Every structure is written in structure tokens, then in C-alpha cells.
Amino acid sequence: MTCKSENNKTWIEDEKGKQIAILEYPEVKPGLVNLVHTEVVPEMKGQGLAGKITEYVANELRKQGIKVQLTCSYAIKWFSKHPEYSDILDNPEAELKKAAELAGPACGIQKK
């Protein structure tokens, strides 16, 4: 499985070409995107795909010098657990506050 990207969206396909995970991050302004939605198909839940795709996107955005805002609850939780990526956050303190206030399941991480 490999990550593919186009138009501020990254996804993972299975061996048959079916999208099994997706992360959307529209541009807010030049040099700034908002991670708005992470989703994994129910049958692939628990295999680490949401984390894999989030890490891939974070690394790609870092290489491009793009900063990140977080709206997606999964992304908020992921970045709070990976402080080594705080350099790409537009406002690290605000994102940590969001993580502290967040409760419940992450968006798009569907249960079977």
C-alpha cells in the first residue's frame, strides 16, 4: 500500500485500487492548509492506516514548507501525540489546547 496525493487530498489504495483511507487538507491561504477530514473504511479499522496517512502528509507538507491548521479530530489527536511535528503547525499552542479539550472518537474513523 502506498500513499497517493492530488488536489490537497492524500489517499491509500488497496491492491485492487480501492481507496481505503483518505486525508483531506484544503488550502486556507498560500503556505497554509487545514487538515479537515481523515477517514478509513470500516473493514480496515485498527491497522494503523489513519496514522500512516497522517504521518505521510505531515512529512510532505514539511518538505514543502507548508504550515498546518487542524480541524479533524483525528489529526488533532495525532499531532498531540507526535510533538516532533509541531514545527509545521501554524499555532502549536492552539492545537494543543484543542487536543486537551477533545473527547470521543475521531472523525471518520468508522467502527464496524
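Because the structure is a prediction, the values reported are computed rather than measured.
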Less than 4.5 Å apart, side chain to side chain, heavy atoms only: is that true for Q69 and N91?
no
Smallest separation among heavy atoms of I88 and A58, with atom names
CD1-O, 3.7 Å
Sorted by chain and number, sequence neighbours left out, salt bridge (Lys or Arg N to Asp or Glu O under 4.0 Å) with E60 holds for K63
For E13 against K4, the heavy-atom pair lying closest together
OE1-NZ, 3.0 Å
side-chain hydrogen bond (donor to acceptor under 3.5 Å, both in side chains) against E24, all qualifying residues, sequence neighbours excluded:
none
Are K9 and L23 side-chain neighbours, meaning at least one heavy-atom pair lies under 4.5 Å?
no
Output for pair (K67 NZ, L32 CG), nearest 0.5 Å, gives 10.0 Å
Going by an N to O cut-off under 4.0 Å, is there a salt bridge joining E43 and K18?
yes
Atom of V33, atom of E27 and distance for their closest heavy-atom approach:
CG1-CA, 4.0 Å
Using 0.5 Å steps for rounding, measure from the CD atom of E39 to the CG atom of L49.
12.5 Å
Given Y25, which partner from the list T71, T10, N34, T38 fulfils the side-chain hydrogen bond (donor to acceptor under 3.5 Å, both in side chains) test?
T10
Out of curiosity, L61 CG to L35 CG, how far, rounded to the nearest 0.5 Å?
7.0 Å
Around Q64, counting heavy atoms of other residues, nucleotides and ligands shown, do more than 12 lie under 6.0 Å from its CD?
yes
Using the rule that Ile, Leu, Val, Met, Phe, Trp and Tyr join whenever any side-chain heavy atoms are under 4.5 Å apart, tell me whether Y56 and W11 fall into a single cluster.
no
Just so I know, are the side chains of Y85 and E55 near enough to count as touching, which here means a heavy-atom distance under 4.5 Å?
yes
Which heavy atom of V41 sits nearest to which heavy atom of Q19, and what is that distance?
CG1-O, 3.8 Å
Does the Y74 side chain pair with the main chain of G51, one donor and one acceptor, at a distance under 3.5 Å?
yes
Would you name the heavy atoms of S86 and P92 that are closest together and state the gap between them?
O-CG, 3.6 Å
Is the charged tip of K81 near the ring of W78: under 6.0 Å from the six-membered ring centre and within 45° of its axis?
no
Any K97 side-chain heavy atom under 4.5 Å of E95 side chain:
no
Do I22 and V68 belong together in a cluster built from hydrophobic side chains that touch within less than 4.5 Å?
no
